[in-house]
*Asks:* 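Take a look at the following structure, please.
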There are 2 protein chains.
Amino acid sequence: MYRIGELASQCDIKADTLRFYEKHGLLAPSSRSGSGYRLYTKDDASRLRFILRAKAVGFTLNEISELLSIELDKANWACADVKGMVDNKLEQVTAKIAELTQFANSLQSLSNACCGGPDSAEHCSILEALESEDKQLSAKNETSHKGHHHAVK
Amino acid sequence: MYRIGELASQCDIKADTLRFYEKHGLLAPSSRSGSGYRLYTKDDASRLRFILRAKAVGFTLNEISELLSIELDKANWACADVKGMVDNKLEQVTAKIAELTQFANSLQSLSNACCGGPDSAEHCSILEALESEDKQLSAKNETSHKGHHHAVK
DNA sequence: CTTGACCTTAGATTAAACTCCAAGGTTTAT
DNA sequence: ATAAACCTTGGAGTTTAATCTAAGGTCAAG
């Protein structure tokens with residue numbers, strides 16, 4: 001059993017943040033001490049680490065509680081529903097990985113374009129590296145237009 | 001040359017957002033029309049797409065302008081500095097990809113743990129899937145503790 | 001038996017990133 | 001030449017995710 005401050009410092013967040021997460025239904029301590037102190041179990045800590053990982057990776061707290069509600073509520077869901085929601089999130093994550101990889105490529109060509117020596121960077125064609133990377137992308141996107149299409153009036 | 005609304009709808013954002021980015025030094029139009037309308041070039045659009053990709057991937061606008069300032073200012077930097085900053089960002093991106101991959105693994109084991117049938121999800125051991133994934137992680141983190149260590153007083 | 005580090009609550013404040021509004025100027029199409 | 005659909009500015013309002021404040025209760029050590 002951890003008290004709020006212990007769990008917080010363990011996970012490098014503030015106690016306030018844990019109270020905030022509790023208020024917003026993301027993580028409640030499994031129990032309270034006689035005097036009302038929050039007591040968190042190892043499972044609670046586990047759940048918190050899941051939340052923090054999800055957050056680090058760009059999910060909003062709302063998206064995270066959606067994900068977690070699946071688990072809280074699982075008796076009231078059909079297996080197929082649960083699998084559907086999870087697979088849906090998984091798709092988002094996969095898309096995010098693809099975007100990140102693309103981004104890493106941009107940065108890599110930026111780095112490669114730069115000699116790394118002591119001279120002025122004026123002649124490092126960084127912008128060109130970015131642009132060429134971007135051109136590859138838009139060329140790809142012209143043929144297969146992903147995402148929700150918006151009206152162009 | 002695009003006007004603000006054109007560029008905005010092209011990139012699925014609001015004109016307001018472009019004005020906001022301009023105010024915060026991320027992207028200014030290359031020119032203005034006689035009557036003061038913002039006029040964006042293809043390079044501006046390129047830069048915008050870079051910003052949006054960076055944002056999608058979890059960088060803050062501050063981090064993004066740091067990255068972009070490298071390019072704006074390149075005559076005043078040594079090649080080595082530029083390469084250093086870019087490689088630093090590249091490390092962050094790589095770390096983010098690792099986290100995302102871990103997260104995708106969590107979700108995948110969640111999905112695998114679920115039969116996907118029409119019955120109640122009560123017996124899908126989703127929490128257990130998350131926990132076991134998390135235990136693997138914390139086991140790994142105990143030996144090699146990455147990140148800034150905080151005082152535990 | 002008090003000091004200091006913890007904890008409780010409710011509510012105010014902050015920061016980032018938009019998002020909207022009002023009042024007016026510009027373009028284009030009919 | 002006038003309506004619709006753009007654009008301009010400055011400034012106010014919103015949302016998300018904390019973070020801080022005030023006023024007080026708890027607990028282990030000396």
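What's counted below: heavy atoms across the whole structure, side chains too, no hydrogens, waters or symmetry copies.
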*Asks:* Scan side-chain atoms only and decide if A:S109 and A:N112 contain a donor-acceptor pair under the 3.5 Å cut-off.
*Replies:* no

*Asks:* Of A:T60 and B:I4, whose nearest nucleotide on DNA chain D comes first from the 5' end?
*Replies:*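 That would be B:I4.
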
*Asks:* Mind calculating the distance between CZ (B:R3) and C1' (D:dA5) to the nearest angstrom?
*Replies:* 9 Å

*Asks:* If we only count heavy atoms from C-beta on, is the B:L48 to B:L18 side-chain gap below 4.5 Å?
*Replies:* yes

*Asks:* Look at A:Y21 and D:dA17 and indicate whether a side-chain polar atom (N or O) is within less than 4.0 Å of OP1 or OP2.
*Replies:* no

*Asks:* Pick the closest DNA chain C nucleotide for B:N62 and for B:Y37 by heavy atoms, then say which residue is nearer the 5' end.
*Replies:* B:N62

*Asks:* Using a 4.0 Å heavy-atom cut-off, does A:S33 contact any base of the nucleic acid, only the sugar-phosphate backbone, or nothing at all?
*Replies:* nothing

*Asks:* D:dA18, C:dC18, C:dC6: which one has an atom nearest the side-chain heavy atoms of A:F20?
*Replies:* D:dA18

*Asks:* Within this structure, what is the CG-to-P distance between B:L27 and C:dC18, rounded to whole angstrom?
*Replies:*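 These atoms are roughly 13 Å apart.
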
*Asks:* When you measure from the side chain of B:R19, which nucleotide among D:dT8, C:dC20, D:dA18 comes out closest?
*Replies:*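 Between D:dT8, C:dC20, D:dA18, the one nearest the side chain of B:R19 would be D:dT8.
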
*Asks:* Just by distance, with hydrogens left out, do A:D43 and A:S46 show a side-chain donor and acceptor under 3.5 Å apart?
*Replies:* no

*Asks:* Output the rounded distance in Å from CG (A:L39) to P (C:dC7).
*Replies:*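 Nearest whole value for this atom pair: 10 Å.
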
*Asks:* Under 3.5 Å, side chain of A:T17 to main-chain N/O of A:I13, donor-acceptor pair present?
*Replies:*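 Between the backbone of A:I13 and the side chain of A:T17 there is no qualifying donor-acceptor contact (under 3.5 Å).
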
*Asks:* Tell me the interatomic distance from A:E22, atom CD, to C:dT8, atom P, rounded to whole angstroms.
*Replies:* 9 Å

*Asks:* Would you check if the side chain of A:E91 reaches a backbone N or O of A:N88 as a donor-acceptor pair within less than 3.5 Å?
*Replies:* no

*Asks:* What is the distance from CZ of A:R32 to C1' of C:dC7, rounded to the nearest Å?
*Replies:*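 Whole-Å distance recorded here is 10 Å.
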
*Asks:* Between B:F59 and A:D16, just flag the one whose closest nucleotide in DNA chain C comes earlier from the 5' side.
*Replies:*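 With B:F59 and A:D16 compared, the 5'-side residue is A:D16.
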
*Asks:* Nearest-Å distance, CD (A:E6) to P (D:dC27)?
*Replies:* 14 Å

*Asks:* Both B:S35 and B:K23 contact DNA chain D. Taking the nearest nucleotide for each, which residue is further toward the 5' end?
*Replies:*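 The residue mapped nearer the 5' terminus is B:S35.
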
*Asks:* Please state how far atom CZ in A:R38 lies from atom P in D:dT26, giving the value in whole angstrom units.
*Replies:*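 Checked: the CZ to P distance equals 15 Å.
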
*Asks:* Whole angstrom is fine here: how far is it from NE2 in A:H24 over to C1' in D:dA18?
*Replies:*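 Taking NE2 of A:H24 and C1' of D:dA18, I get 9 Å after rounding.
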
*Asks:* Among the candidates D:dT19, C:dC20, C:dA17, find the nucleotide nearest to the side-chain atoms of B:K14.
*Replies:*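 The listed nucleotide nearest to B:K14's side chain is C:dC20.
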
